[in-house]
Amino acid sequence: MLQSQLFAKIKKETPKEAEVISHKYLVRGEFIEQSFSGVYRFLPLGFRVLKKIEEIIRAEMRKLGAQELYLPALQNKNFWLETNRWETIDPPLFKLKDRHQKETALGSTHEEEITDIVRKRIKSYRDLPFSLFQIQEKFRNEIRATGGLLRTREFLMKDLYSFHSNEKDLINFYQKVKMAYFRIFKRCGLTTLCVEAATGTIGGELSHEFMVLSEAGEDRILICKKCNFGANIEKIGERTKCPKCKGQLEKRNSIEVGHIFNLGTKYSQAMGANFVDKNGKSFPIVMGCYGIGLPRLMAAIVEIWHDEKGIIWPKEVAPFQIHLIPIESTQKVKKIAKNLYQDLQEQGIEVLYDDREDKTPGEKFAEADLIGIPYRIVISERTIKSNSVEVKERKEKGTKLVKIKSLSQFLNSK
RNA sequence: CGGAGUGUGGCCUAGUGGUUUAGGGCGCUUGGUUUGGGACCAAGAGGUCGUGGGUUCAAAUCCCACCACUCCGACCA
C-alpha cells in the first residue's frame, strides 16, 4: 500500500473527546472515528486490524470444529417472547416498528435465533453434539457508552453456540473453548485470566470471563495470590480471603474481552429444542454460548501495547508488517525503495510504503511510531552507501543496518 | 436516568459584555527553499462562536430552553 494513497489523515493532536489511551491513539492514528456516542466507524487502517483479529478467531473456531453461519441483526419479537427476554434483557434491546406498526428489535445476542434454527432440525441424540458460530454486529442499548471502543452500542462480536446431549459433553467442550480462547488472546498479544463470573441476563448454570488486567478496564476482579482462583467482584462480592484456599485476594481492574456460558437447558426448554435419546425419551438440548467482542479486544490490545509515542501492534494483528520509509527523495533512494517495496510484496509481506516526498523524516517517523507497524525499514543515502537499510522493531529501542540482499533472510529469522 | 463538565474554521485552542471587521498554532492551497525525529519563507482560502429564544444601545461573552459530546453511577463483549 502506498501511504500517499492511504485514506488516513493522521492527527498530530488528540481530539478532546478521547480520554482512555486506546481511544486516543486509535483516533489519532485514523484507525477509527466516532460517528456519534457509542457508534464507531472503522477506517481502512482500523478495518485491517479488525479483519486480522477476525481471522485469528475464525481459525480457532474452525479448529474446534465449529461451523460458521450468519444470522440476521433484525430479529423476530416472538422468539424473544418465548424466552421471556423481550422486556427483561439488560442492556435492553433497540426496539423499532416496521411500517405496519409491527415490533421488531436489533439483536443484542443470538440465543433465540440459534435455538430456533436448531429446534427445527435436531430431533435425535445422533445429531449431537455440534457447534455453530458467527461474526456479526450486535446492538446494545447501553445506558452509557464509554472509553472509545471499550464499550459501544454497536459492535462486532463472535458468538459461538454449542449443543449437547448431556452436561458432561458440554463441560468437555466448554474446556476446549477455554483453551481456544487462551490461544486467541495470546495470538493477539494478550495474557488473559479466566475468572468466575455472574451470568447476568444471558443466564445459565455458570460462566467464565476472560480478563485483561488494565487500569482502563471497568471490571473489578479478585485474584488469589496462592491458588489460581479468580472471580469477578460482581459474582462473589468484596472479600479478602480466597474461597478456595483462604489465601490473600488481590483486587484488580480488568477488561472483559470474552465471556463463556454454560447455558444448561435454559433456552432449549423455553423454546422447545428437544432431542430423543437411545431409549426414545425426549430431553432438552444442553447448550453453551461463547462470546468475544472484537472492537473491545482491539482496544484492549492497544491498552497493553503502547508507549508514549503510539501503538505497538503485535505482529498477528498489525495492519501491515513492514513500514517502508525512504527519506531524502533522491533518484537512487527512490529507485531502491521502490524495488524493495515490490520485492517484499511479491514475497507476500504486507508493506506500507511511505512514498510521500513532501514530508520530513521527523514527521514520517512520528506517524510510523503512532500507527505502530512492527517493523520500520528506512532507506536513505546514508544506508545505501553500504547497500543496506535500517531496520527498527517498533517495540525495541535500537536500529540495525541490514544488507538489502539479506533482508528477506533477516526478516524470516524473526 | 441521576450527578459533574464541555461546545469557537478539518484538529487543538485564545477571547467571559464595547479597542473583536472573532486571534493564534496545526492542517489545507500556491510559489520557493528544505529533508535522519512532527522544517522555513512568502502569499492565500476557510467561521451562522452547538441550536433557538431572551436581556441590553451593544452578546462568542449574561439569562432560559433545547441539542450534542465526555466523565462518575448501574449494565456488558
Side-chain angles (χ1 to χ4, degrees), chain A residues 9-20 23-24 27-28 30 33-39 53 57 88-92 108-110 135-160 181 184-185 192 197-202 207-212 216-219 232 234 254-261 289-300 309-310 325-330 333-334 354 356-370 376 378-383 389-390 392 399 401:
Chain A
K9 299 289 183 194
I10 295 166
K11 296 174 172 66
K12 209 165 166 180
E13 278 160 312
T14 306
K16 55 184 168 225
E17 80 263 11
E19 216 151 281
V20 301
H23 192 195
K24 286 181 180 173
V27 170
R28 273 189 59 203
E30 291 264 280
E33 172 175 64
Q34 187 180 70
S35 175
F36 63 111
S37 184
V39 179
I53 294 171
I57 294 173
T88 60
I89 194 165
D90 196 16
S108 61
T109 177
H110 284 71
I135 295 168
Q136 193 253 13
E137 215 70 27
K138 300 287 184 271
F139 299 84
R140 295 193 177 175
N141 208 339
E142 303 278 355
I143 297 171
R144 185 164 80 86
T146 53
L149 293 185
L150 285 173
R151 181 199 210 80
T152 59
R153 300 190 297 164
E154 173 182 346
F155 64 95
L156 197 62
M157 177 167 127
K158 183 283 300 175
D159 40 329
L160 165 71
Y181 269 37
I184 288 166
F185 298 127
T192 46
T199 54
T201 43
I202 300 285
S207 80
H208 288 87
E209 288 168 331
F210 288 78
M211 296 299 205
V212 175
E218 300 176 291
D219 281 87
N232 197 313
E234 194 194 353
S254 63
I255 302 167
E256 179 193 347
V257 290
H259 200 161
I260 62 177
F261 298 81
C289 80
Y290 319 85
I292 294 176
L294 279 74
R296 182 182 284 178
L297 177 53
M298 183 167 153
K309 289 178 174 170
I325 305 178
I327 53 179
E328 301 162 307
S329 333
T330 59
V333 168
K334 275 199 276 185
D354 194 348
R356 300 170 304 171
E357 291 181 20
D358 57 340
K359 300 289 177 189
T360 59
E363 189 168 1
K364 289 183 168 192
F365 293 155
E367 288 191 1
D369 288 338
L370 175 63
R376 186 186 82 184
V378 172
I379 306 176
S380 68
E381 284 292 339
R382 205 155 90 191
T383 69
V389 293
E390 177 197 275
K392 182 180 176 298
T399 60
L401 269 186

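Residue numbers start from 1 in every chain, and the chains themselves are labelled A, B, ... in the order their sequence lines are given, proteins ahead of strands. Predicted model, so just to flag it, every value in this text is computed and none were measured.
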Close N or O pairs between protein and nucleotides 23-29 of chain B (under 3.5 Å):
from: B:G25; atom 1: N2; to: A:Glu13; atom 2: OE1; distance (Å): 3.0

What pairs of nitrogen or oxygen atoms, one from the protein and one from nucleotides 31-33 of chain B, lie under 3.5 Å apart?
none

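Among B:A77, B:U35, B:C12, the nucleotide with an atom closest to any side-chain atom of A:Pro361 is B:U35. When the nucleotides B:C76, B:G36, B:A77 are ranked by their closest atom to the side chain of A:Thr383, B:G36 comes out on top. Set against B:C12, B:A77, B:U35, the side chain of A:Glu328 has B:U35 as its closest nucleotide.
Base pairing annotation: B:U20 forms no Watson-Crick or G-U wobble pair, as no partner gives both donor-acceptor distances under 3.5 Å. Using N1 to N3 plus N6-O4 or O6-N4 for Watson-Crick, or N1-O2 and O6-N3 for G-U wobble, each under 3.5 Å, B:G38 pairs with nothing. When both distances must be under 3.5 Å, the Watson-Crick or G-U wobble mate of B:G10 is B:C26. Nucleotide B:A59 forms no Watson-Crick or G-U wobble pair with any nucleotide shown, as no partner meets the under 3.5 Å limit on both distances. Look at B:C66: its Watson-Crick or wobble partner, with both distances under 3.5 angstrom, is B:G50. Under the Watson-Crick or G-U wobble criterion, with both distances below 3.5 Å, B:G73 is paired with B:C1.
For the pair A:Ile327 CD1 and B:G37 C1', the interatomic distance rounds to 9 Å; values are reported in whole Å. Rounded to an integer number of Å, the gap from A:Leu294 CG to B:C76 P is 20 Å. Nucleotide B:A77 holds its C1' atom 14 Å from the CG atom of A:Leu160, rounded to whole Å. One can place CD of A:Gln34 at 13 Å from P of B:A68, the figure rounded to the nearest angstrom. B:A74 atom P lies 20 Å from atom CD1 of A:Ile89, rounded to whole Å. Rounded to an integer number of Å, the gap from A:Glu17 CD to B:A68 P is 16 Å. One interatomic measurement links the two molecules: CD of A:Glu256 to P of B:A74, which rounds to 15 Å at whole-angstrom precision. Note: NZ (A:Lys364) to P (B:G38) measures 15 Å, nearest angstrom.
B:A59 sits 48 Å from B:A77 when the C1' atoms are compared, rounded to a whole Å. On the P atoms, B:G5 is 15 Å away from B:A65, given to the nearest whole Å. Rounded to whole Å, the separation between the C1' atoms of B:G7 and B:G47 comes to 15 Å. Going from the P atom of B:G53 to that of B:A58 covers 16 Å, rounded to whole Å. Using atom C1' as the reference point in both B:G27 and B:C67, the two lie 29 Å apart (nearest Å). For B:G52 and B:G46, the P atoms lie 22 Å apart once the distance is rounded to whole Å. Only the C1' atoms considered, B:U55 is 33 Å distant from B:C71, to the nearest whole Å. With both ends at atom C1', the span from B:C63 to B:U56 equals 12 Å, rounded to whole Å.
By the stacking rule of 5.5 Å between ring centres and under 30° between planes, A:Phe36 does not stack on the base of B:A68.
A:Lys309 places no side-chain N or O within donor-acceptor distance of the main-chain N or O of A:Phe365, the cut-off being under 3.5 Å. Between the side chain of A:Lys158 and the main chain of A:Tyr290, a donor-acceptor pair closer than 3.5 Å is present. Put simply, the side chain of A:Lys364 gets close to the backbone of A:Pro326: a donor and an acceptor are under 3.5 Å apart. For the pair A:Ser207 (side chain) and A:Ala197 (backbone), a donor-acceptor distance under 3.5 Å is present. Looking at A:Thr383, its side chain never comes within 3.5 Å of a backbone N or O of A:Glu390 through a donor-acceptor pair.
Partners of A:His110 according to the ring pair (Phe, Tyr, Trp, His ring centres under 6.0 Å) rule, which considers only residues two or more places apart in sequence or in another chain, do not exist here. The ring pair (Phe, Tyr, Trp, His ring centres under 6.0 Å) check on A:Phe261 picks up A:His259, with sequence neighbours excluded. Remark: A:Lys11 pairs with A:Pro15, A:Arg28, A:Glu30 by the side-chain contact (heavy atoms from CB on, under 4.5 Å) rule, at least two apart or across chains. Remark: A:Glu218 engages A:Arg151 in a salt bridge (charged side-chain N to carboxylate O under 4.0 Å, His left out) (not counting sequence neighbours).
Counting any heavy atom pair closer than 4.0 Å across all strands shown, A:Ala145 reaches sugar-phosphate atoms only and no base atom. Residue contacts shown for A:Arg356 are absent, as no nucleic acid heavy atom lies under 4.0 Å away. Using a 4.0 Å heavy-atom criterion, one finds that A:Phe261 contacts the sugar-phosphate atoms exclusively. Residue contacts for A:Gly310: at a heavy-atom cut-off of 4.0 Å it reaches no nucleic acid atom on any strand shown.
At a cut-off of 3.5 angstrom, the base of B:G3 holds no donor-acceptor pair with the side chain of A:Arg144. Side-chain N/O atoms of A:Arg296 and base N/O atoms of B:C76 include a donor-acceptor pair closer than 3.5 Å. Below the 3.5 angstrom threshold, one finds no donor paired with an acceptor across the side chain of A:Asp90 and the base of B:C76. Judged by atom type and distance alone, A:Thr360 does not reach the base of B:G38 through any side-chain donor-acceptor pair under 3.5 Å.
Remark on RNA chain B: of its neighbouring residues A:Glu19 and A:Glu367, the 5'-side contact belongs to A:Glu367, judged by nearest-heavy-atom nucleotide. Mapping A:Ile143 and A:Gly293 onto RNA chain B by nearest heavy atom places A:Ile143 closer to the 5' end of the strand.
Between A:Tyr181 and A:Thr192 there is no side-chain heavy-atom pair separated by less than 4.5 Å. Inter-residue side-chain proximity for A:Ile327 and A:Val378 is flagged as met; some heavy-atom pair is nearer than 4.5 Å.
A close approach under 4.0 Å does occur between a side-chain nitrogen or oxygen of A:Lys16 and OP1 or OP2 of B:U13.
Atom-to-atom distance recorded for A:Glu19:CD and A:Leu150:CG is 12.0 Å, nearest 0.5 angstrom.
Scanning all heavy atoms of the two residues, the minimum distance from A:Gly38 to A:Thr152 falls at O-CB, 3.3 Å.
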